[in-house]
Amino acid sequence: MRIRFALAGLVAALAAAGAAQAQDFKPRIVRFGYGLVDNSNQGRAVRLFAQEVEKATGGKMKIRGIGNASLGSDTQMQQALIGGAQEMMVGSTATLVGIVPEMAVWDTPFLFNNVKEADAVLDGPVGEKVKAKLEPKGMVGLVYWENGFRNLTNSKRPVNKLEDMGDIKLRVMQNNVFLDSFKALGANAVPLPFSELFTALETRAVDGQENPFNTVVSSKFYEVQKYLTVTNHVYSPWIVTVSKKWWDTLTPAEKKVLQDAAVKSRDFERKDTREEATKALAELKGKGMQVNELPASEVNRMREKLAGVNVGIAKSVGQETWDAVNAAVAQARGK
Ligand code: KDG
């Protein structure tokens with residue numbers, strides 16, 4: 001009999017806690033925009049985030065993941081968040097440099113040698129410090145996700161040495177580091193939003209682009225690109241951001257739900273992205289792409305030519321940020 005009473009009490013307590021929990025949250029619809037297709041590492045992580053938020057709020061806070069750049073390009077969504085017309089997005093840190101110049105530090109060629117270093121620096125104090133610079137500009141950075149190490153594709157020829165890039169019209173992200181980097185390598189760099197990239201490749205408005213393997217697969221660039229050259233010339237982060245105007249309307253409990261779900265989505269996204277990347281290269285070969293690895297001697301030439309770009313990055317991000325990031329990389333590398 002006593003056990004029954006105890007169980008009844010436990011059930012009542014849990015129900016009360018559940019009810020209290022649900023009462024902490026107002027019914028809300030959250031528009032979470034992203035640029036890749038739904039069946040991509042971005043799309044899968046947005047859906048995981050949505051599940052976590054809805055679970056934690058008893059279904060009161062609903063996340064509407066909206067992909068394919070349907071809410072606009074990265075820069076258009078950033079403005080929508082700042083204006084309060086959209087609640088959340090994930091996009092490239094590289095497209096944020098017009099709002100927070102320090103974000104350009106993550107575009108430094110060959111900054112990270114591996115994902116272990118990237119995770120340690122991005123999730124450590126200096127990554128947090130750069131992320132925090134978004135808030136005064138009207139966006140709240142929650143977590144970094146992984147876009148991944150970037151590689152070259154083009155429709156003209158295999159790139160076996162830097163000179164092979166000479167007359168290639170190469171689409172780059174709208175960011176001076178990428179423009180300067182590929183000009184230094186001898187390519188004809190053309191800045192375009194990601195949302196316009198497939199059409200530009202299909203119509204030969206540009207000959208090539210550079211992105212991680214996963215994006216070449218999910219965006220079907222293999223349909224309009226013949227050659228893939230493995231360079232791993234830079235590690236690209238994505239960043240999950242929230243409109244500050246909207247963020248300031250939330251209760252502490254609602255903010256904690258979003259922050260906790262963001263951390264879970266980060267860990268899920270990195271694992272998913274890395275697992276998919278190991279399969280993507282084989283898939284691209286299976287789709288008929290001609291794949292080559294840039295020879296180490298040419299990668300060294302690439303590093304030498306791109307070292308000059310670092311001076312410009314240090315100037316645009318500020319010496320303090322430049323030195324702090326490089327010290328964090330050295331520490332993560334165990335030097
Ligand atoms: O939402 C897509 C963007 O994040 C885009 O920046 C991805 O790496 C990218 C690119 O090349 O534009």
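Both ligands and their constituent atoms are indexed starting at 1 by order of listing.
A salt bridge does not link D164 to R157: none of the charged side-chain nitrogens sits closer than 4.0 Å to a carboxylate oxygen. A salt bridge does not link D207 with R171: none of the charged nitrogens is closer than 4.0 Å to a carboxylate oxygen.
R150 contributes a side-chain N or O that, together with a main-chain N or O of E210, makes up a donor-acceptor pair within less than 3.5 Å.
Partner of E146 under the side chain to side chain donor-acceptor pair (under 3.5 Å) criterion, out of K271, R274, R266: R274 alone. Each of E276, R270, E269 was evaluated against T273; a single residue qualifies, E269, per the side chain to side chain donor-acceptor pair (under 3.5 Å) test.
Using bins of under 30°, 30° to 60° and over 60° for the plane-to-plane angle, the ring pair W145/F32 lands in the parallel bin.
Within 4.0 Å of ligand 1, protein heavy atoms belong to G35, L36, Q42, D74, G91, S92, N147, R150, R171, M173, F194, N211, W238, listed by chain and number.
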